[in-house]
There are 2 protein chains.
Amino acid sequence: MVKRRSLKGDYCPSARSLDVIGDWWSLLIVRDAFDGLTRFSEFQKSLGIAKNILSERLRTLIARGILKAVPAANGGAHQEYHLTEKGRDLFPVMVALRQWGEQYLFEPGEKHSRLVDRDTGQAVRLDVRTEDGRLIGPDRAVILKVADPEQP
Amino acid sequence: MVKRRSLKGDYCPSARSLDVIGDWWSLLIVRDAFDGLTRFSEFQKSLGIAKNILSERLRTLIARGILKAVPAANGGAHQEYHLTEKGRDLFPVMVALRQWGEQYLFEPGEKHSRLVDRDTGQAVRLDVRTEDGRLIGPDRAVILKVADPEQP
DNA sequence: CGGTATCCCTGAAGATACTG
DNA sequence: CAGTATCTTCAGGGATACCG
């Protein structure tokens, strides 16, 4: 999917983001990249994805500037796939998804992985705030439409 | 998509979230709901989605507890679709997507909609922090794997 | 190991017509 | 207006075989 009508022209940044990373596999690959995976086989094993699909997804993610291919760190012959800065900046998206999932998609006693500060072990959280730091909910936010200068 | 292998069993909350809302249309519908849309025709017009597809998506979102169908507010005969609390809690996800899109998917001068505090007009931001409020980046976070008590 | 090249198949989405 | 019912299309993805 993600194809039938590109949202490139949409003025809503969320829609454009979904256009770029809103497909099934891409975000899972990114998640694994955050998780430290770098090699083709690692992704494949982790995701259980067909090789041709993985190959194409990696290519797309590179084309979109989210991953970059780099030579093996240890001098090996293989490629490695690393997040670019653009890719790393998806961190809040991943954390937001994680946080929501933790809250709603696990049974009370059910175990799940946790995201913590590697230095202090503290849980990691994410909140929406105004510029001066006040917490804000959806009811207090409003979308400011921007008129299209091109359109009549 | 979203089907071939359900990630229900995955211990990664992000993966489960993607399993539930990671499909193309669902998040766009949720976005529109945040945007204040409530009626079938409003969603259809906004998204340009086929009616049968919209119908099915709304049903799925209701089944998943993200939307709820309520009688028309003004006493009209039609249905309205409102976000549940679970749905509203997707707010950080939407803001995170928006923020990333704003940063990377628009040309320098290109206009886009903005999310602001409705009272003060201040821009809305989102950051990942530790519990005691320190900003944290992907390099400082680590995923704590949780062993499966069921699995040998 | 790290892919590319094919073939096939399913199911999600579109179009359209119809109903209360 | 707010859907449901069908039919059809098509591309994303799985499987497999092959290659440097």
Side-chain angles (χ1 to χ4, degrees), chain A residues 1-7 10 15 18-33 36-64 67-82, chain B residues 1-7 10 15 18-33 36-64 67-82:
Chain A
M1 48 67 177
V2 101
K3 198 56 307 145
R4 74 213 84 296
R5 186 182 28 166
S6 173
L7 295 173
D10 202 312
L18 286 172
D19 204 23
V20 171
I21 49 153
D23 91 279
W24 176 242
W25 287 119
S26 296
L27 268 206
L28 286 176
I29 293 173
V30 169
R31 178 203 61 166
D32 276 355
L37 305 197
T38 61
R39 296 180 61 157
F40 191 92
S41 57
E42 293 175 328
F43 290 111
Q44 206 208 343
K45 183 179 171 198
S46 166
L47 299 171
I49 186 178
K51 292 202 290 183
N52 50 350
I53 306 300
L54 176 57
S55 177
E56 193 237 349
R57 288 296 163 189
L58 290 172
R59 215 179 307 124
T60 305
L61 286 168
I62 288 169
R64 289 176 172 170
L67 293 181
K68 62 187 168 195
V70 299
N74 53 19
H78 65 276
Q79 288 265 71
E80 293 195 346
Y81 299 92
H82 290 184
Chain B
M1 49 70 179
V2 102
K3 198 60 303 153
R4 77 210 82 295
R5 185 180 31 167
S6 174
L7 296 172
D10 202 313
L18 288 171
D19 204 24
V20 171
I21 50 152
D23 92 279
W24 177 240
W25 286 119
S26 297
L27 268 205
L28 286 175
I29 292 174
V30 169
R31 177 204 61 169
D32 276 355
L37 305 196
T38 61
R39 296 181 59 157
F40 191 91
S41 58
E42 293 175 328
F43 289 112
Q44 206 208 341
K45 183 178 169 199
S46 165
L47 299 171
I49 185 177
K51 293 202 289 184
N52 50 350
I53 306 301
L54 176 58
S55 178
E56 192 239 347
R57 288 296 163 187
L58 290 172
R59 215 178 308 125
T60 305
L61 286 168
I62 288 169
R64 291 177 170 169
L67 292 180
K68 62 187 168 195
V70 300
N74 54 21
H78 64 275
Q79 288 264 70
E80 293 194 346
Y81 299 92
H82 290 184

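Note that the structure is a prediction, hence the values are computed from the model and not measured. First the proteins, then the strands, lettered A, B, ... as listed; each starts at 1.
Separating the CG atom of Leu47(A) from the P atom of dG13(D) is a distance of 12 Å, rounded to the nearest angstrom. To the nearest angstrom, P of dG3(D) lies 15 Å from CD1 of Ile53(B). One interatomic measurement links the two molecules: CG of Leu61(B) to P of dG3(D), which rounds to 14 Å at whole-angstrom precision. In this structure, CG of Asp23(A) is placed 6 Å from P of dG13(D), rounded to the nearest angstrom. The distance from atom CG of Leu54(B) to atom P of dA13(C) is 12 Å, rounded to the nearest whole Å. One interatomic measurement links the two molecules: CZ of Arg57(A) to P of dG12(D), which rounds to 7 Å at whole-angstrom precision.
When every heavy atom of Leu37(A) is checked against every heavy atom of Phe43(A), the shortest pair comes out as O-CZ, 3.4 Å. Residues Ala15(A) and Arg31(B) approach most closely at CB-NH1, 3.3 Å, considering heavy atoms.
The rotation axes computed at either terminus of the helix from dC1(C)-dG20(D) to dG20(C)-dC1(D) lie 40° apart, taking five pairs at each end and rounding to 10 degrees.
Checked against side chain to side chain donor-acceptor pair (under 3.5 Å), Gln44(A) has no partners two or more places apart in sequence or in another chain. Considering only residues two or more places apart in sequence or on other chains, Ser41(B) meets the side-chain contact (heavy atoms from CB on, under 4.5 Å) condition with Arg39(B). The side-chain contact (heavy atoms from CB on, under 4.5 Å) check on Ile53(A) picks up Trp25(A), Ile49(A), Ala50(A), Arg57(A), with sequence neighbours excluded. The side-chain contact (heavy atoms from CB on, under 4.5 Å) search around Thr60(A) returns Glu56(A), Arg64(A), not counting sequence neighbours. With sequence neighbours excluded, the residues that form a side chain to side chain donor-acceptor pair (under 3.5 Å) with Ser26(A) are Asp23(A).
Between Val30(A) and Ile21(A), every side-chain heavy-atom pair lies at or beyond the 4.5 Å cut-off.
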Return the polar atom pairs (N/O with N/O) between nucleotides 1-4 of chain C and the protein under 3.5 Å, or none.
unit_1, atom_1, unit_2, atom_2, d
dC1(C), O3', Arg39(A), NH2, 2.9
dG2(C), OP1, Arg39(A), NE, 2.6
dG2(C), OP1, Arg39(A), NH2, 2.1
dG2(C), OP2, Ser41(A), OG, 2.8
dG3(C), OP1, Tyr81(A), OH, 3.2
dG3(C), OP2, Tyr81(A), OH, 2.9
dG3(C), N7, Lys51(A), NZ, 2.8
dG3(C), O6, Lys51(A), NZ, 2.5
dT4(C), OP2, Ser55(A), OG, 2.0
dT4(C), OP2, Arg59(A), NH2, 3.4

